Amino acid sequence: QVQLVESGGGSVQAGGSLRLSCAPSGSSSDRNLMGWFRQAPGKEREGVAAIYTGSDTPRYADSVKGRFTISLSDRDDTVFLEMNNLTPEDTATYYCAAGQFPFTFTRVLQSGTYKYWGQGTQVTVSA
């Protein structure tokens, strides 16, 4: 079993930055793929960024490329999502997710690839 605890959400103005953190615990064999998803009211859950811990290889949704960075802590298993140049369209509840790498990067931004989910943290960006 894997538990995920997110932190770092909040409210910022457009153009601002936030860093989300996800602290996983439990079986490491079940979480060699870590992802961040978001869901805005009335919209479907969207994969934002993912990283395969075996090679530190990241993948990003087109909507966040060049603005968001997913990374792994050097000290523990914490996963970060650095978000820069935020816009009101980034407003959503952000979820950390963990699963097993499916041996292809084509599905790492799909929610069905992940088995474990955090409780979510709210990010609000005002114009």
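Remember, predicted model here, so these are calculated numbers, not experimental data.
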For this session: Establish, for the pair R31 and Y116, whether the NZ or CZ atom is under 6.0 angstrom from the six-membered ring centre and no further than 45 degrees off its axis.
Result: no

Exercise. F105 ring centre to R59 NZ or CZ under 6.0 Å, with the angle to the axis within 45°?
Worked result: yes

If I take atom [atom1] from residue [X] and atom [atom2] from residue [Y], how far apart are they, to the nearest 0.5 angstrom?
X   : Y   : atom1 : atom2 : answer
I51 : T57 : CD1   : OG1   : 7.5 Å
Y95 : L4  : OH    : CG    : 13.0 Å
L20 : T78 : CG    : OG1   : 12.5 Å
I70 : C22 : CD1   : SG    : 9.0 Å
M34 : L81 : CE    : CG    : 11.5 Å
C96 : E6  : SG    : CD    : 5.5 Å

For this session: May I ask you to test the Q39-Y94 pair for a side-chain heavy-atom distance under 4.5 Å?
Result: no

Exercise. Should Y114 and L33 count as side-chain neighbours, where that means a heavy-atom distance under 4.5 Å?
Worked result: yes

Where [X] and [Y] come nearest, the two heavy atoms and their spacing:
X    : Y    : result
P88  : S126 : CG-C, 4.3 Å
A40  : A92  : N-CB, 3.8 Å
Q110 : T106 : NE2-O, 3.6 Å

Problem set entry | Inter- and intrachain pairs under salt bridge (Lys or Arg N to Asp or Glu O under 4.0 Å), touching residues 89-101, at least two apart | R38-D90, R67-D90

Side-chain heavy atoms under 4.5 angstrom apart, residues restricted to Ile, Leu, Val, Met, Phe, Trp, Tyr: same cluster for [X] and [Y]?
X    : Y    : result
Y60  : L72  : yes
V64  : V79  : yes
W117 : V108 : yes
V125 : V48  : yes

For this session: Using only heavy-atom distances, determine whether the side chains of N84 and S17 contain a donor-acceptor pair under 3.5 Å.
Result: yes

Problem set entry | Any side-chain donor near an acceptor of the partner, S71 and T69, under 3.5 Å | no

I'd like to know if the side chain of [X] reaches the main chain of [Y], judged simply by a donor and an acceptor atom lying under 3.5 Å from each other, with no hydrogens or angles considered.
X    : Y    : result
Q100 : D30  : no
T113 : R107 : yes
T53  : N32  : yes
S27  : Q1   : no

For this session: Would you confirm whether the ring centroid of F101 sits within less than 6.0 angstrom of the ring centroid of Y52?
Result: yes

Problem set entry | From CA spacing to verdict: side-chain hydrogen bond (donor to acceptor under 3.5 Å, both in side chains), Q122, T93 | CA-CA 4 Å; Q122 179 66 35; T93 301; 2.9 Å; yes

Problem set entry | T91/V123 under side-chain contact (heavy atoms from CB on, under 4.5 Å): CA gap, chis, key distance, verdict | CA-CA 5 Å; T91 295; V123 171; 5.9 Å; no

For this session: Give the intermediate values and the outcome of ring pair (Phe, Tyr, Trp, His ring centres under 6.0 Å) for residues W36 and F68.
Result: CA-CA 11 Å; W36 285 98; F68 289 13; 10.0 Å; no

